Structure formats: C-alpha cells, structure tokens
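Scope of the values below: all heavy atoms of this structure, side chains included, with no hydrogens, waters or symmetry mates. For clarity, every value in this text was computed on a predicted model and none was experimentally measured.
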Amino acid sequence: INFSGVPNKNVFELKYILKLHASNTTTIWICSKKEVLEELINSCHYLQKLSLAGLHASKPYFEPSILLSSKSLKVLDLNGCKGLSLDSIKTVVLNCLELNEVNFDNTKLNTETIDYLCTNLTTKIEKLSLFRLKVTDENIKVLVQNCKKIIELDLGSTTVTEISKQFLHCLQLCYFP
C-alpha cells in the first residue's frame with residue numbers, strides 16, 4: 001500500500017491517493033477523502049509492504065498504519081516523511097521486528113534518532129537507505145555490527161567518510177558513494 005499525499009489542486013479535489021498492490025503485477029488506484037482513507041487503513045492488519053513516503057508523521061493515521069501491520073510488515077518506505085521524531089522511530093524499531101527493507105531517505109532525522117536507529121534496528125534488515133541523513137562513521141560501525149544481513153545500503157549524500165569502507169567491506173557491499 002502506498003499512502004502518498006496528492007497536490008491540493010487536482011481534477012477531482014480529492015485529498016489522498018491510495019495505491020493497492022493486489023499482486024506483483026496488479027496495481028489498483030483508489031482516490032478517496034481523508035475519512036475513507038483512515039477507515040481503510042484501520043482495516044489493514046497484515047500488510048507486508050507499506051509506503052508512507054512524503055507524509056507527515058503527525059497525521060492521525062501515520063502511526064496506526066504501521067502498528068496494525070507490525071507483525072507482518074517486511075518493507076517500509078518513509079522516504080521524505082516529515083516530522084519523524086525519536087518516538088516515531090522507536091515505534092517502528094520496537095514493533096516491526098520482521099522488517100527486511102526500510103527507506104529513510106531524506107527524512108531529516110536528528111543525530112539522537114539516527115544513533116538510536118543504527119543501534120536498535122532489527123537484525124533482519126537486508127536493504128536500508130539512509131540517503132541524505134547525517135550518518136557518521138560510528139553509526140555505520142554500530143549498524144554493521146548489529147545488522148549482519150545487510151546486502152544493500154544506500155549512503156549517498158551522507159557524512160560518512162572513507163573510514164566506513166572498512167566496516168562495509170565485511171558485509172561485502174558493492175556500493176559506496
């Protein structure tokens with residue numbers, strides 16, 4: 001499911017678009033008002049993939065949409081989400097233990113939140129994007145020590161240095177910015 005905000009001015013004057021993936025090849029688009037979106041979210045309990053890209057964490061449906069599927073959620077896309085705090089990241093980390101792919105691109109997480117994330121992220125993570133975050137070499141060291149299954153790590157436009165290469169080498173990662 002992909003919950004992405006729609007520009008305020010659209011032909012139908014609808015507030016949200018909901019993208020449902022019925023299978024790997026089928027995509028269904030539903031346009032709805034906020035109330036319908038919230039009702040739909042509240043009925044989704046076993047999602048495996050969820051994208052909240054570009055949304056604001058203060059929205060009333062943001063946290064419940066993650067928690068309702070926390071036991072089954074494998075892929076979470078938070079690319080460009082605004083308002084993510086340490087508490088909202090703790091909600092993800094403490095409840096979504098089956099995650100194997102997470103995208104935190106351009107979320108503007110603060111240092112304390114990045115430290116917590118790198119220290120406590122589930123060990124099942126295989127793909128992780130920290131693009132445009134203020135990630136340090138120490139964060140990468142801790143992350144790699146805890147998450148040994150990482151096969152894809154995006155550190156583009158981060159503050160990591162050549163020092164991180166030694167930590168990443170042990171994971172046999174192919175890409176380094």
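With hydrogens and angles ignored, the 3.5 Å screen pairs a side-chain donor or acceptor of Asp137 with a backbone N or O of Thr161. The main-chain N or O of Ile66 is never found under 3.5 Å from a side-chain atom of Ser69 such that the two would form a donor-acceptor pair. Formation of a donor-acceptor pair under 3.5 Å by the Asn146 side chain with backbone atoms of Thr119 is found in this model. A donor-acceptor pair is defined here as one N or O able to donate and one able to accept, closer than 3.5 Å; no such pair exists between the side chain of Ser157 and the backbone of Arg132.
The heavy-atom pair separating Gly156 from Phe131 by the smallest distance is O-CD1, 3.1 Å. Closest approach of Gly83 to Ala57, counting heavy atoms only: O-CB, 3.5 Å.
For residues 111-127, every residue pair satisfying the salt bridge (Lys or Arg N to Asp or Glu O under 4.0 Å) rule, not counting sequence neighbours, is listed here: Glu98-Lys124. Sorted by first and then second residue, the salt bridge (Lys or Arg N to Asp or Glu O under 4.0 Å) pairs with a member in residues 66-93 form an empty list; sequence neighbours excluded.
No continuous path of ILVMFWY side-chain contacts below 4.5 Å connects Leu67 to Leu117, so the two sit in separate hydrophobic clusters. Residues Tyr116 and Ile140 fall within the same hydrophobic cluster, defined by Ile, Leu, Val, Met, Phe, Trp and Tyr side chains chained together at heavy-atom separations under 4.5 Å. Leu78 and Leu86 fall within a single hydrophobic cluster, where Ile, Leu, Val, Met, Phe, Trp and Tyr side chains are chained together by heavy-atom contacts under 4.5 Å. Under the 4.5 Å side-chain heavy-atom criterion for grouping Ile, Leu, Val, Met, Phe, Trp and Tyr, Leu97 is not connected to Leu50 through any hydrophobic cluster. Under the 4.5 Å side-chain contact rule for hydrophobic residues, Leu68 and Phe62 do not share a cluster.
A heavy-atom distance below 4.5 Å is found between the side chains of Leu52 and Ser65. Contact annotation: the side chain of Leu84 approaches that of Leu109 to within less than 4.5 Å [non-hydrogen atoms, C-beta and beyond]. For the pair Leu143 and Leu153, the minimum side-chain heavy-atom distance is below 4.5 Å. For the pair Val75/Asn100, a side-chain contact is recorded, criterion being any heavy-atom separation below 4.5 Å from C-beta on. Using a 4.5 Å heavy-atom cutoff, the side chains of Thr136 and Asn139 are in contact. Counting heavy atoms from C-beta on, the side chains of Phe104 and Leu128 come closer than 4.5 Å.
Rounding to the nearest 0.5 Å places OG1 of Thr113 at 14.5 Å from NZ of Lys108. Residue Asn79 holds its CG atom at 4.5 Å from CG of Asn103, rounded to the nearest 0.5 Å. For the atom pair Ile89 CD1 and Leu94 CG, the distance stands at 11.0 Å (nearest 0.5 Å).
If you run side-chain contact (heavy atoms from CB on, under 4.5 Å) between Glu63 and each of Asn95, Thr91, Val92, only Thr91 comes through.
When the side chain to side chain donor-acceptor pair (under 3.5 Å) test is applied to Ser129, the partners found at least two apart in sequence or on another chain are Asp105.
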Full working for side chain to side chain contact (heavy atoms under 4.5 Å, CB included) between Ile114 and Thr111: CA-CA 5 Å; Ile114 293 170; Thr111 304; 5.8 Å; no
